[in-house]
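Notes follow once the structure below has been shown.
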Amino acid sequence: MAKDCSFDVVSEFDKQELVNAVEQTRKDILSRFDLKDSNSTVELDADKAITITTNDDMKLKNIVDILQGKMIKRNLSIKILDPKPAENALGGNIRQVFELKKGLTQELAKKITSTIKDTKLKVQASIQGEQVRVSGKSRDDLQEVIKLLKEKEDVFNISLQFVNYR
């Protein structure tokens, strides 16, 4: 009889690539004419958040664009950024914090499993901590689930990866 096949749905990012993207953004800030003397900083706080501090809204927008461009070049989804409202900082500066989304919340995992069950494919989806395990006898059904979840990634508003495909 055919052995069950499975894969895990997770939401993760490569920490080293994120560190590299932040470093490249810092270098760009130092070299760009419009941002050179703005006392702008980009800090990565223990893989939990990115904090951008600068003089005004326009420079903040430019730095965010640079950061997102560097992330895209390094195959990081910009959906991992959860922007918080910009706030005033010391010295008349402006600060914005971007929390990093990692792992699936319980409610999102439930949404994903219900979406999979609505397909009527012969697969089982179970929540295992911060990931969802999908298993079934047919690899074709599993690939249909992957295709469906990739299409619905915008609805979930999170970056999804599919790992441990066996």
Side-chain angles (χ1 to χ4, degrees), residues 1-28 42-52 57 60-87 95-166:
M1 199 69 191
K3 192 174 113 180
D4 271 2
C5 303
S6 67
F7 68 89
D8 296 331
V9 181
V10 296
S11 178
E12 296 176 342
F13 56 86
D14 187 344
K15 293 176 189 170
Q16 187 57 49
E17 290 296 337
L18 185 65
V19 168
N20 293 342
V22 169
E23 284 300 317
Q24 284 189 334
T25 303
R26 286 185 191 145
K27 287 180 184 177
D28 265 21
V42 179
E43 299 171 6
L44 179 62
D45 305 326
D47 300 329
K48 299 252 188 267
I50 296 174
T51 306
I52 300 174
D57 287 330
L60 178 66
K61 184 183 178 314
N62 288 342
I63 294 171
V64 170
D65 287 344
I66 293 169
L67 176 65
Q68 289 177 344
K70 299 297 181 189
M71 288 175 63
I72 290 169
K73 282 184 182 175
R74 297 193 158 275
N75 292 326
L76 290 170
S77 173
I78 59 174
K79 290 180 183 177
I80 65 171
L81 297 176
D82 184 17
K84 300 300 174 196
E87 56 191 32
R95 175 187 313 123
Q96 186 166 18
V97 176
F98 293 88
E99 289 183 358
L100 300 173
K101 295 185 211 173
K102 186 173 184 180
L104 301 176
T105 62
Q106 278 303 111
E107 64 184 50
L108 185 61
K110 287 178 184 176
K111 246 192 225 181
I112 290 172
T113 54
S114 68
T115 301
I116 292 170
K117 288 178 182 174
D118 290 345
T119 63
K120 305 292 187 216
L121 292 171
K122 293 183 181 180
V123 296
Q124 295 80 38
S126 60
I127 300 171
Q128 298 183 340
E130 293 187 340
Q131 66 185 19
V132 175
R133 165 109 359 121
V134 181
S135 59
K137 295 214 181 284
S138 169
R139 286 183 178 248
D140 293 338
D141 287 347
L142 293 179
Q143 289 173 348
E144 283 294 318
V145 170
I146 290 174
K147 182 180 171 190
L148 171 82
L149 292 177
K150 281 183 181 179
E151 290 170 359
K152 297 231 177 203
E153 200 170 299
D154 290 336
V155 174
F156 299 134
N157 195 25
I158 195 162
S159 171
L160 296 176
Q161 291 83 34
F162 308 100
V163 296
N164 296 336
Y165 188 84
R166 315 170 202 196

Indicate yes or no: at least one non-hydrogen side-chain atom of [X] is less than 4.5 angstrom from one of [Y].
{"X": "D4", "Y": "K137", "answer": "yes"}
{"X": "L149", "Y": "I116", "answer": "yes"}
{"X": "I50", "Y": "V22", "answer": "yes"}
{"X": "L148", "Y": "L121", "answer": "no"}
{"X": "F13", "Y": "K101", "answer": "no"}
{"X": "S126", "Y": "Q124", "answer": "no"}
{"X": "T51", "Y": "F98", "answer": "no"}
{"X": "K150", "Y": "I146", "answer": "yes"}

Can you check salt bridge (Lys or Arg N to Asp or Glu O under 4.0 Å) on D57 and K61, steps first, answer last?
CA-CA 6 Å; D57 287 330; K61 184 183 178 314; over 6 Å; no

Step by step, work out the side-chain hydrogen bond (donor to acceptor under 3.5 Å, both in side chains) result for N164 and S6.
CA-CA 7 Å; N164 296 336; S6 67; over 6 Å; no

Closest non-hydrogen atom pair, F7 against L142
CE2-O, 3.7 Å

Distance (rounded to the nearest 0.5 Å) between R26 CZ and L67 CG
10.5 Å

Could you tell me the separation between the CD atom of E23 and the CG atom of L18, rounded to the nearest 0.5 Å?
10.5 Å

Salt-bridged, K122 to D141, with N to O below 4.0 Å?
no

Just checking, any donor-acceptor pair under 3.5 angstrom between side chains of Q16 and N20?
yes

Which pairs would a plain distance check flag for residues 74-87, meaning a side-chain donor or acceptor within less than 3.5 Å of a matching protein atom at least two apart in sequence or in another chain?
| from | atom 1 | to | atom 2 | distance (Å) |
| --- | --- | --- | --- | --- |
| R74 | NH1 | E17 | OE1 | 2.6 |
| S77 | OG | K79 | N | 3.1 |
| K79 | NZ | D154 | OD1 | 2.6 |
| D82 | OD2 | K84 | NZ | 3.2 |
| E87 | OE2 | R95 | NH1 | 3.0 |

Set of salt bridge (charged side-chain N to carboxylate O under 4.0 Å, His left out) partners for D28, sequence neighbours left out
K70

Output side-chain donor-acceptor pairs under 3.5 Å for residues 102-115, partner residues at least two apart or in another chain, one line each.
| from | atom 1 | to | atom 2 | distance (Å) |
| --- | --- | --- | --- | --- |
| T105 | OG1 | L108 | N | 3.3 |
| T113 | OG1 | A109 | O | 3.2 |
| T113 | OG1 | K110 | O | 2.8 |
| S114 | OG | K110 | O | 3.3 |
| S114 | OG | K111 | O | 2.9 |
| T115 | OG1 | K111 | O | 2.8 |

